[in-house]
Structure formats: C-alpha cells, structure tokens
Protein chains: 2
Amino acid sequence: MDMLNIGEAAKASGVSAKMIRHYEAIGLLPHAQRSNGNYRIYGPQEVHNLRFIHRARSLGFPLGTIRELLALWRNRQRSSAQVKKLALAHVAALEAKILEMQEMAAALKHLARNCHGDGRPDCPILDGLADPFAEKGKARNGSPA
Amino acid sequence: MDMLNIGEAAKASGVSAKMIRHYEAIGLLPHAQRSNGNYRIYGPQEVHNLRFIHRARSLGFPLGTIRELLALWRNRQRSSAQVKKLALAHVAALEAKILEMQEMAAALKHLARNCHGDGRPDCPILDGLADPFAEKGKARNGSPA
DNA sequence: ATGGTCCTTCCAATCATGGGAAGGTCAAGG
DNA sequence: CCTTGACCTTCCCATGATTGGAAGGACCAT
C-alpha cells in the first residue's frame with residue numbers, strides 16, 4: 001500500500017535522498033521503517049511530512065524552526081498565535097537580511113558607477129575598498145606596497 | 001616602527017585575530033613576520049591589507065573573490081574592467097538573493113495575513129506548508145496522522 | 001548468474017566564523 | 001626575582017545546510 005523507497009520518496013517530496021537520511025539522523029524525522037533488505041520505506045504520511053519540510057525550507061525556514069513547526073503541526077492543542085509568531089519572526093529575519101544586502105548592493109553600485117571599466121588600472125572600486133573615505137581626492141595610487 | 005601584534009592589528013583593521021590567522025592559513029594573506037617570541041607582527045601595510053579585506057567582506061564579497069580583488073589591487077597592470085566585472089557579478093548575485101528572499105517574505109506574509117493568530121489551532125500558515133494548493137477550501141484538517 | 005541501478009553506512013568538503021583547551025610570552029608591580 | 005594577568009601560540013571542534021564520494025549490500029531484469 002503505497003510504500004516507497006528513499007529514492008521514490010525523494011522524487012515525490014522534492015527532498016533529496018541524502019537530505020532525508022540527514023533529517024532522520026538529526027532527529028527532525030522519526031526513524032523510517034525498514035524493508036527486509038534494510039531499505040527505508042515511506043508511506044503517504046511520511047511523504048506528506050517530507051513535503052512539509054520541503055516547503056518550509058523553500059520559504060527559508062531554518063531546520064530548528066521547522067522542527068518547531070512540525071511539532072505544532074502535529075499538536076492539535078497548538079494555538080495559531082504560536083505558528084504566526086514563528087512565521088513573523090522569520091519574516092523579520094528575512095527582511096533584515098534583505099536590507100543588509102540591499103545596502104551592500106547600493107554601495108557597490110555607487111562605486112561601480114564611477115569606474116570607467118576600461119583597460120586602464122585606475123579604479124574607484126579598489127580605491128573605495130582600500131580607503132572608503134577617499135572618494136573625492138581621486139588621485140590615490142590604488143596599490144599597496 | 002608601528003609594529004602591532006595580532007590583537008592590535010585586529011582592533012586596527014576590524015578583522016578578528018581568529019580570522020587573521022585563518023586568512024593566513026588559507027593563503028589569502030602572506031605569512032606574517034614573527035617576533036622573537038613567535039608572535040605575529042604587522043606593519044601599516046599589512047593592516048591596510050586587512051582593512052581592505054574587512055571592507056570587501058562587509059560588502060558581502062566571498063573570500064574567493066576577495067582573493068582576486070587583492071591580486072588586482074596589487075597588480076598595476078590590471079584593467080579597471082576586470083575589477084568592475086567582479087563587482088558587478090557580485091551585485092548580480094546579491095540582487096538574485098534579495099529577490100529570492102523577497103519572494104519568501106511575500107509568500108509568508110501572505111500566509112500570515114490570513115492567520116488570526118489567536119488561541120485556536122486553525123492556521124492557514126500550517127495549511128499552506130502542508131498543502132500550498134489548498135488556499136480556498138479552507139476546511140483541511142491541518143494535522144497529519 | 002550477471003550487470004546495472006538502487007540502497008546502505010561512514011567520512012569529508014563546502015563557506016565563514018567562533019569557542020575553547022593547553023601551553024608559551026610579555027609587561028607590570030610586589 | 002617572581003608572580004600575575006593579559007596576551008599570544010597551535011590544535012581541534014562546532015555551527016548550518018547540503019553535497020560528494022567510497023565501499024559494500026540489495027534488488028531486479030535479462
């Protein structure tokens with residue numbers, strides 16, 4: 001009745017076989033049942049679990065949080081507030097990283113904008129990395145000793 | 001003449017002592033000079049190198065790219081086009097990740113928006129993780145076996 | 001029975017960083 | 001002179017998620 005080995009479960013869930021074993025090893029998943037030949041076997045329920053993990057990962061949740069989400073998922077006494085809190089904390093973490101990277105990209109684009117990008121060695125990008133407060137007095141050598 | 005030990009160089013450059021040793025170990029930096037007591041000692045030039053690395057890291061450049069940037073920095077035959085290419089490739093990488101994370105955040109916010117976040121177990125966030133195509137027919141149990 | 005494809009376990013690498021142990025060095029002050 | 005405390009040295013290990021590979025067993029079809 002719908003018993004899949006690890007490769008089939010991987011295809012069905014989107015989680016690689018390597019990762020399925022890993023999740024089991026770190027206790028994110030219960031130990032899978034085994035066949036006579038010691039193959040892991042998965043039923044629809046386990047595949048459903050795997051898909052849940054796959055989607056949570058695709059939303060960027062770290063495994064520790066996924067562990068909590070799985071526990072809440074299984075717990076009918078949960079409150080939706082608990083789930084929402086985890087989700088919004090993750091949104092905040094994402095947005096913090098996004099902001100950080102946007103600042104990096106903006107700073108770099110600013111440096112690149114002033115770089116002619118031709119055959120000459122003169123380069124405001126290197127100058128900016130070497131000394132971010134130069135900026136104006138552009139006649140800095142751009143090479144260390 | 002301005003000789004600093006690793007802790008002082010760390011403070012002066014913003015790169016931790018741990019990381020300075022690490023960068024030396026992986027060949028990103030040349031082997032530092034040593035004092036009689038086998039302490040690493042750094043002059044202004046080395047500190048300048050460290051600051052360069054620190055700033056490049058703060059712009060998100062991976063160490064492999066920083067290795068290339070350092071080589072270009074030292075090479076007076078470089079063309080600014082080479083530098084600009086590395087910088088813009090990194091900008092593109094940043095923007096790709098930003099986009100990815102924005103999509104994650106948007107998807108999660110969409111799920112969270114429909115979650116009342118109270119004491120009841122009903123939770124569209126968990127439902128969305130369990131089955132992203134449910135969405136409308138909200139009466140799905142939200143718990144595995 | 002033989003090959004090919006799957007599975008098993010274990011070990012290691014990635015990327016950047018940090019923690020900590022065990023021991024050597026240095027400067028200050030009793 | 002000797003101790004104390006703050007620094008340094010090397011070495012190993014951990015993080016987080018994932019992937020790679022080796023060595024060997026299992027399964028299935030021909």
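Residue numbers start from 1 in every chain, and the chains themselves are labelled A, B, ... in the order their sequence lines are given, proteins ahead of strands. Fair warning: this is a prediction, and the values are worked out from it, not measured in the lab.
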What integer distance in Å separates [X]:[atom1] from [N]:[atom2]?
X     : N      : atom1 : atom2 : answer
B/N36 : D/dT9  : CG    : C1'   : 15 Å
A/H31 : C/dT9  : NE2   : P     : 11 Å
B/M3  : C/dT25 : CE    : P     : 20 Å
A/I53 : D/dA17 : CD1   : C1'   : 13 Å
A/E24 : C/dC10 : CD    : C1'   : 15 Å
B/F61 : C/dT17 : CZ    : C1'   : 20 Å
B/I6  : D/dA6  : CD1   : P     : 19 Å
A/L28 : D/dT18 : CG    : P     : 10 Å

Closest-nucleotide 5' rank along DNA chain D - winner of A/Y39 and A/M19: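 Going by which nucleotide is closer to the 5' end, it is A/M19.
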Upstream residue (5' side of DNA chain D) when B/A17 and A/R57 are each assigned their closest nucleotide: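 Checking each residue's closest nucleotide, the 5'-ward one belongs to B/A17.
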Just checking [X]: base, sugar-phosphate only, or nothing, at a heavy-atom cut-off of under 4.0 Å?
X     : result
B/S16 : sugar-phosphate
B/R21 : base
B/Y23 : sugar-phosphate

Closest to side chain of A/S35, choosing from D/dC27, C/dC6, D/dC7: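 Comparing D/dC27, C/dC6, D/dC7 against the side chain of A/S35, the answer is D/dC27.
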Candidates C/dG18, C/dC6, C/dA16 - which lies nearest the side chain of B/K18: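 Of C/dG18, C/dC6, C/dA16, C/dG18 is nearest to the side chain of B/K18.
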Aromatic ring pairing A/W73/A/H48, orientation class (parallel under 30°, perpendicular over 60°, tilted between):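 Ring orientation of A/W73 relative to A/H48: perpendicular.
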Path from A/Y23 to A/I6 over hydrophobic side-chain contacts below 4.5 Å: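 Looking at the clustering, A/I6 is in the same group as A/Y23.
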5'-most by nearest nucleotide on DNA chain C - B/N38 or B/P62: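 This one resolves to B/P62.
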Salt-bridge contact A/R40-A/E46 (side-chain N to carboxylate O under 4.0 Å):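 A/E46 and A/R40: not salt-bridged.
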Verdict with reasoning, A/S80 to B/D118, per side-chain hydrogen bond (donor to acceptor under 3.5 Å, both in side chains): CA-CA 6 Å; A/S80 63; B/D118 56 13; 3.3 Å; yes
Presence of B/R40 side-chain N/O under 4.0 Å of D/dC8 phosphate oxygens OP1/OP2: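 No, no such contact exists.
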Phosphate OP1/OP2 of C/dT9: any A/R34 side-chain N/O under 4.0 Å: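 True: A/R34 side-chain N/O within range (under 4.0 Å) of C/dT9 OP1/OP2.
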Atom pair CZ/CG of A/F61 and A/L86 - distance to nearest 0.5 Å: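 A/F61 atom CZ to A/L86 atom CG measures 7.0 Å (nearest 0.5 Å).
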